[in-house]
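Naming convention: chains lettered A, B, ... in sequence-line order (proteins, then strands); numbering from 1 in each chain. Hydrogens, waters and symmetry mates play no part in the numbers below; they use all other heavy atoms, side chains included.
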There are 2 protein chains.
Amino acid sequence: MATKHSSDPVHDEPADKPRAAERIRSTARELFYREGIRAIGVEQIVQDAGVTKPSLYRSYGSKDDLAAAYLRDYDAEFWVRFEQSVAAHPGDPKAQLLDYFGGLAERAAKPGYRGCGLTNTVVEYPGADHPACKVSQAHKRKLRKRLTAMAEAMGAASPETLADGLQLLLEGTYASGQLFGRDGPARSLVAVAERLIDASCG
Amino acid sequence: MATKHSSDPVHDEPADKPRAAERIRSTARELFYREGIRAIGVEQIVQDAGVTKPSLYRSYGSKDDLAAAYLRDYDAEFWVRFEQSVAAHPGDPKAQLLDYFGGLAERAAKPGYRGCGLTNTVVEYPGADHPACKVSQAHKRKLRKRLTAMAEAMGAASPETLADGLQLLLEGTYASGQLFGRDGPARSLVAVAERLIDASCG
DNA sequence: TGACGATGTTACCGATCGGTACGTATGATC
DNA sequence: GATCATACGTACCGATCGGTAACATCGTCA
């Protein structure tokens, strides 16, 4: 019967088999971010992951659920980067923020930058009912609270206004990074943010 | 009303007068903006417009071309609003800009706001080869030049940096408007922009 | 070994996608 | 009335969409 399944030249290595669910998840993360969720079919995901469709649906139930899982991963990665910048400048919220902004501006200038996966998903699925959009909105609200707390710690006269401004700059960088290429408005993110912070904390 | 826009820089138009074409175009403009281009099928467009598919393809050639036409209309509407704000404050670029920003913040707070159709399209179609994306990128570059000129007119120490900051705030407002509802960061757009302008023109 | 549950695979579904071949109605002109 | 061009509709195409039923394989433990 099976002439080759036990000695498949490609997938034979029995040393450590990454679970199909994990491969699907990481593949979906890359494809969804790079091309958009609507643009990627489940067929391409399982093909790139080297598995098949039922494997996907036993682990995720639907494409929408997989998209939500992708955004949960994306959210987690975001906070890892954010907390790294925070940890790099203990007790100095302005430096923490500018550190993160600097890294973001760098990433936004790289070719293939596609903005924020969470924001992009809300653009792709306007209705707030989509499971992935709920993840996005929860993330953005959490970030807003965090920025407000940092603005307070900076001694801003109006922490909410400063936090609003910082979040506008963030979202603007996400969009500008993929609208313009290397030398877009995102290059000025740190300078502008610092100017805004200083003007708000005088 | 015989004055027709004679030259279109981006694409060739049928330029004549099939009646169905107009209904298709305005229907597509509403549906594409509200739901996104990928989310709307040509079937739904012609159905809502009360016509049939061949009528669409006789006037537009492809869905992508129709999307590009939608964005050209969107671009034109943008500049109408922008020039209205400019005309309202002759010789005062700061007031011109804050006027436009005020109107934008108002719109961004309304329910059903979906951000910038041009930006959204780039999010939906990452590749720069899409005809609609070319329209978007041309628009954004033109806007950037305009903002830089206004920043110069304001006497900014670094006009490019101020223009970058203003464009970041713009794009951030587009995104935040649909991410958050009524009381999102977009509410602080004018205050933040004014603060940034003042800090850049001292 | 042999039974069993978990996991992966083959082959397929109905629905919808963008797009088109071809016939029809109408109005102006000869 | 015959002709022709314009504008629109009917019916359909192959491809692909998200999703699923039924079968094959593997690891585990008795």
Side-chain angles (χ1 to χ4, degrees), chain A residues 1-28 31-32 35-71 121 124-125 127 129-133, chain B residues 13-28 31-32 35-71 121 124-125 127 129-133:
Chain A
M1 43 142 59
T3 67
K4 59 188 161 58
H5 274 326
S6 58
S7 60
D8 189 281
V10 181
H11 291 109
D12 189 33
E13 212 51 52
D16 35 309
K17 307 172 100 164
R19 286 224 130 349
E22 289 303 315
R23 294 225 305 254
I24 290 169
R25 193 147 172 166
S26 74
T27 303
L31 291 179
F32 280 161
E35 307 284 344
I37 296 172
R38 289 199 122 110
I40 295 296
V42 293
E43 196 93 44
Q44 186 176 349
I45 294 175
V46 297
Q47 194 169 331
D48 281 31
V51 299
T52 54
K53 264 195 275 189
S55 297
L56 190 158
Y57 283 98
R58 271 190 217 98
S59 295
Y60 294 101
S62 77
K63 185 193 178 184
D64 289 353
D65 285 351
L66 177 58
Y70 146 56
L71 287 192
T121 300
E124 284 198 273
Y125 295 90
D129 52 324
H130 195 286
C133 284
Chain B
E13 298 274 339
D16 282 349
K17 36 115 188 275
R19 276 197 52 80
E22 287 304 314
R23 307 193 45 190
I24 289 169
R25 192 145 172 169
S26 73
T27 303
L31 291 179
F32 280 161
E35 307 283 344
I37 296 172
R38 289 199 123 108
I40 296 295
V42 294
E43 196 93 45
Q44 185 176 348
I45 294 174
V46 298
Q47 195 169 332
D48 281 32
V51 298
T52 56
K53 260 195 276 191
S55 295
L56 190 157
Y57 283 97
R58 260 180 240 111
S59 296
Y60 294 103
S62 77
K63 183 192 178 185
D64 289 353
D65 285 351
L66 177 59
Y70 146 58
L71 288 193
T121 300
E124 284 199 272
Y125 295 90
D129 51 325
H130 195 287
C133 284

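Among the heavy atoms of the strands, none lies under 4.0 Å from B:L66.
For the pair B:G41 and A:K53, both in contact range of DNA chain C, the more 5′-proximal nearest nucleotide belongs to A:K53.
At whole-Å resolution of the value, CD in A:E22 and C1' in C:dA6 are 16 Å apart. Taking atom CG on B:L56 and atom P on C:dC17, their separation rounds to 14 Å, with Å as the unit. For A:I24 and D:dG19, the CD1 to C1' distance is 14 Å, given to the nearest whole Å. A:Q47 has its CD atom 10 Å from the P atom of D:dC17, to the nearest Å. At whole-Å resolution of the value, CD in B:Q44 and P in C:dC17 are 8 Å apart. Distance CD1 (B:I45) to P (C:dT16): 16 Å, rounded to an integer number of Å. Atom CG in B:D65 sits roughly 11 Å away from atom P in C:dT20 (whole-Å rounding). A straight line from CD1 of A:I37 to P of D:dG18 spans 11 Å, rounded to a whole angstrom.
Distance from the side chain of B:P54 is smallest for C:dT20 among the nucleotides D:dC8, C:dT9, C:dT20. For B:Y57, taking side-chain heavy atoms from C-beta onward, the closest of the listed nucleotides C:dG19, D:dG19, C:dA21 is C:dG19. In the set C:dT9, C:dC17, D:dC17, the nucleotide with an atom closest to the side chain of A:E43 is D:dC17. Candidate nucleotides D:dG18, C:dT9, D:dC8 were compared by shortest atom distance to the side chain of A:R58, and C:dT9 ranks first. Closest to the A:K63 side chain, of the nucleotides C:dT10, D:dG19, C:dG18, is D:dG19.
Counting heavy atoms from C-beta on, the side chains of A:T121 and A:F32 never come closer than 4.5 Å.
Applying the 4.0 Å criterion to OP1 and OP2 of C:dG18, one finds that B:S62 has every side-chain N and O outside that range.
With B:K63 contributing its side chain and B:I37 its backbone, the two residues share a donor-acceptor pair below 3.5 Å. Judged by distance alone, the side chain of A:S55 and the main-chain N or O of A:V51 form no donor-acceptor pair under 3.5 Å.
Under a cutoff of 6.0 Å and an axis angle of 45°, B:R25 and B:Y70 do not form a cation-pi pair.
Between the base of C:dT16 and the side chain of B:R38 there is no donor-acceptor pair shorter than 3.5 Å.
A salt bridge between A:E43 and A:K53 is present, with a side-chain N of the basic residue lying under 4.0 Å from a carboxylate O of the acidic one.
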